[in-house]
Amino acid sequence: MAAFWGLVCLWALVVTQARGDVQFLERREGESVLLPCALERGDSPPLGVYLKRTWLRPGEVMFMYTGTELSATTGGDKKRIGASGDPSSRAVNVSISQLRVGDTDRYRCEFVVGNAASADLHLPGTTDFFLLVTAGDAGGPLDIDLVQACVGGSALIPCPPPHGARGTVEGVILKRRRGDAVEVLYDSKRHPASTSAPSPIPKERIQVLSAPGPAGFTHNLSLQRLLPHDGGLYSCQTLHADGPVGAGLGTRAIFVSVEGHCSCSGTPALLYALSAVVVFLFILLCLTVVVFQTKSRRSVQVSRQAPVYEEMVGMLGTTRGPGPRAPGETEYKKSFPENHYETPRGRLRKTDQE
């Protein structure tokens, strides 16, 4: 029973850790963005709050102490960064104006909470932000999805056909945008594609997956054995004989974030395995309770019938034969008016003699 509840607690912990609130934001150059930083309720009010970049250019963006103005880490950014609210209230809104393509990154809020016993605690906010800033004259993708992966894991990127493409699919092409540059990482028709990326993804870490679907064959591309520098904005398209191949990312892109190391085969697989074990143990526990109750009822019924059986045995024992007579007791024999063992002829002779 203790092992059962232990697995339940472990399963709940994995579910809690697997949940991550991430907000994807897309802006054009020159626009502004608002990042709402919030912290869950706690015992002590925070002393201050940081805004940090954690992906392309890791580092501190700004810090705001309770009751004071914010301080930016770089001289030029202070003119573009603003904040409202107070860290002690566990809610601060940070704004970045006049956005540039170089502002593309993953942002995280960290609240500083005082700790008398040791160093101050740095607690992450409830939400991380992925900010993508595109050039003002760029078409930009119309549909962007976010994929979070761990180091050593994999990411699946769908490969839809480009607009206006018809005919048989002859291959796929993979592109990536980092900053304002779009690079080709993989082209199945041209084999190893030329790329200006400092660390291109080797061909052995790219796998093309095709499967039949309701509207025909669907094509996907899997990036395997991911590394921290593999993060970026990816786009995969199918190649056709007479179909156009644009220089941009197309109509759909996937923002891949690679962080941390995969401790097991993956959090979803571990979650499914623990869920299956918990369900199996719960069913086994229910069956054990049912069997125990059934046996208890049967034992109660048998114990109730035992006195009746003993009483019947006692009654049968008293009818087996007469017991010993007490001194002076006379034996009485029951007489019958007729003797059925005498023949009719014998009775007639006896009557004639009388």
request  = Just do the side chain to side chain donor-acceptor pair (under 3.5 Å) check on S235 and R252 with the steps written out, would you?
outcome  = CA-CA 6 Å; S235 176; R252 186 177 182 183; over 6 Å; no
Test side chain to side chain contact (heavy atoms under 4.5 Å, CB included) applied to F129 and C109, step by step = CA-CA 9 Å; F129 306 95; C109 303; 4.2 Å; yes
task = Decide yes or no on side chain to side chain contact (heavy atoms under 4.5 Å, CB included) for V94 and M62, but give the supporting numbers first.
result = CA-CA 9 Å; V94 181; M62 73 92 188; 3.3 Å; yes
Salt bridge (Lys or Arg N to Asp or Glu O under 4.0 Å) between R27 and D103, worked out = CA-CA 10 Å; R27 297 292 187 272; D103 293 329; over 6 Å; no
task = With side chain to side chain contact (heavy atoms under 4.5 Å, CB included) as the test, would you mind laying out the steps for S88 and R90 before giving the verdict?
result = CA-CA 5 Å; S88 62; R90 302 177 177 84; over 6 Å; no
task = In sequence, state the C-alpha distance, the side-chain angles, and the governing distance for H219 and S210, and then conclude on side chain to side chain donor-acceptor pair (under 3.5 Å).
result = CA-CA 5 Å; H219 304 275; S210 301; 2.8 Å; yes
request  = Kindly indicate, with the supporting measurements, whether the criterion side chain to side chain contact (heavy atoms under 4.5 Å, CB included) is fulfilled by Y107 and I96.
outcome  = CA-CA 12 Å; Y107 292 82; I96 305 176; 4.3 Å; yes
inquiry  = Determine whether Q148 and E259 satisfy the following criterion, side chain to side chain donor-acceptor pair (under 3.5 Å), listing intermediate values before the conclusion.
reply    = CA-CA 8 Å; Q148 290 183 272; E259 290 189 357; 5.6 Å; no
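Counting non-hydrogen atoms of neighbouring residues, nucleotides and ligands closer than 6.0 angstrom, the CD atom of E40 reaches no more than 12 such neighbours.
Looking at R57 and D105, no side-chain N of the basic residue comes within less than 4.0 Å of a carboxylate O on the acidic one, giving no salt bridge. Taking 4.0 Å as the cut-off between side-chain N and carboxylate O, E110 and K52 count as a salt-bridged pair. Of the charged side-chain nitrogens involved, none lies within less than 4.0 Å of a carboxylate oxygen, so that E31 and R80 do not count as a salt-bridged pair.
Ring geometry for F24 versus F130: interplanar angle under 30°, hence parallel rather than tilted (30 to 60°).
Taken from OG1 in T168 to CG in L239, the straight-line distance is 13.0 Å, to the nearest 0.5 Å. Taken from CD in E170 to OG in S188, the straight-line distance is 9.0 Å, to the nearest 0.5 Å. Rounded to the nearest 0.5 Å, atoms OH (Y186) and CZ (R176) are 16.0 Å apart. Annotation: the span from L51 atom CG to I81 atom CD1 amounts to 7.0 Å, rounded to 0.5 Å. If you take OG on S95 and CG on L35, they are separated by 8.5 Å, rounding to the nearest 0.5 Å. Here the straight-line distance linking atom CG of D187 with atom NZ of K203 works out to 10.0 Å at 0.5 Å rounding.
A continuous path of Ile, Leu, Val, Met, Phe, Trp and Tyr side chains, each step under 4.5 Å between heavy atoms, connects V92 with L25, placing both in one hydrophobic cluster. Residues V279 and L287 share a single hydrophobic cluster, defined by chaining ILVMFWY side chains whose heavy atoms lie under 4.5 Å apart. Under a hydrophobic-cluster definition in which Ile, Leu, Val, Met, Phe, Trp and Tyr are linked whenever side-chain heavy atoms come within less than 4.5 Å, directly or via other members, L209 and I254 are assigned to different clusters. Clustering ILVMFWY residues whenever any of their side-chain heavy atoms sit less than 4.5 angstrom apart, transitively, puts L185 in a cluster other than the one holding L227. Cluster annotation: L156 and V208 are assigned to distinct hydrophobic clusters (Ile/Leu/Val/Met/Phe/Trp/Tyr, side-chain heavy-atom contacts under 4.5 Å, transitive).
Side-chain N or O atoms of T218 include one that pairs as donor or acceptor with a backbone N or O of A211 at under 3.5 Å. Between the side chain of R205 and the backbone N or O of R225 there is at least one donor-acceptor pair closer than 3.5 Å. Remark: side-chain polar atoms of Q293 are not paired, donor with acceptor, to backbone N or O of V290 under 3.5 angstrom. Judged by distance alone, with hydrogens and angles left aside, the side-chain atoms of T66 form a donor-acceptor pair with the main-chain N or O of P46 at under 3.5 Å. When atom types are taken as modelled, the side chain of T104 and the backbone of V133 share a donor-acceptor pair closer than 3.5 angstrom.
A centroid separation of less than 6.0 Å is found between the aromatic rings of Y50 and H122.
With contacts defined as side-chain heavy-atom distances shorter than 4.5 Å, the pair V258/W55 does not qualify. Residues S32 and L99 form no side-chain contact, since every pair of their non-hydrogen atoms from C-beta on lies 4.5 Å or further apart. Inter-residue side-chain proximity for I201 and L223 is flagged as met; some heavy-atom pair is nearer than 4.5 Å. Counting heavy atoms from C-beta on, the side chains of M64 and D86 never come closer than 4.5 Å. Taking 4.5 Å as the limit, every side-chain heavy atom of V113 sits out of range of all side-chain heavy atoms of D120. For the pair I144 and L132, the minimum side-chain heavy-atom distance is below 4.5 Å. Looking at heavy atoms from C-beta onward, P124 lies out of side-chain contact with F111 at the 4.5 angstrom threshold. Between H240 and V169, some side-chain heavy-atom pair lies under the 4.5 Å cut-off.
Minimum interatomic distance between P36 and L34 (heavy atoms only, all atoms of both residues): CD-O, 3.4 Å. Across every non-hydrogen atom of N220 and P158, the tightest pair is OD1-CA, 3.2 Å. Residues I157 and C236 come closest through the heavy atom pair CG2-CB, 3.8 Å. Of all the heavy atoms in A155 and V147, the pair that sits closest is CB-CG1, 4.0 Å. Closest approach of T134 and V101 over heavy atoms only: C-CG2, 4.2 Å. Scanning both residues, T238 and P161, for their nearest heavy atoms gives OG1-CA, 3.0 Å.
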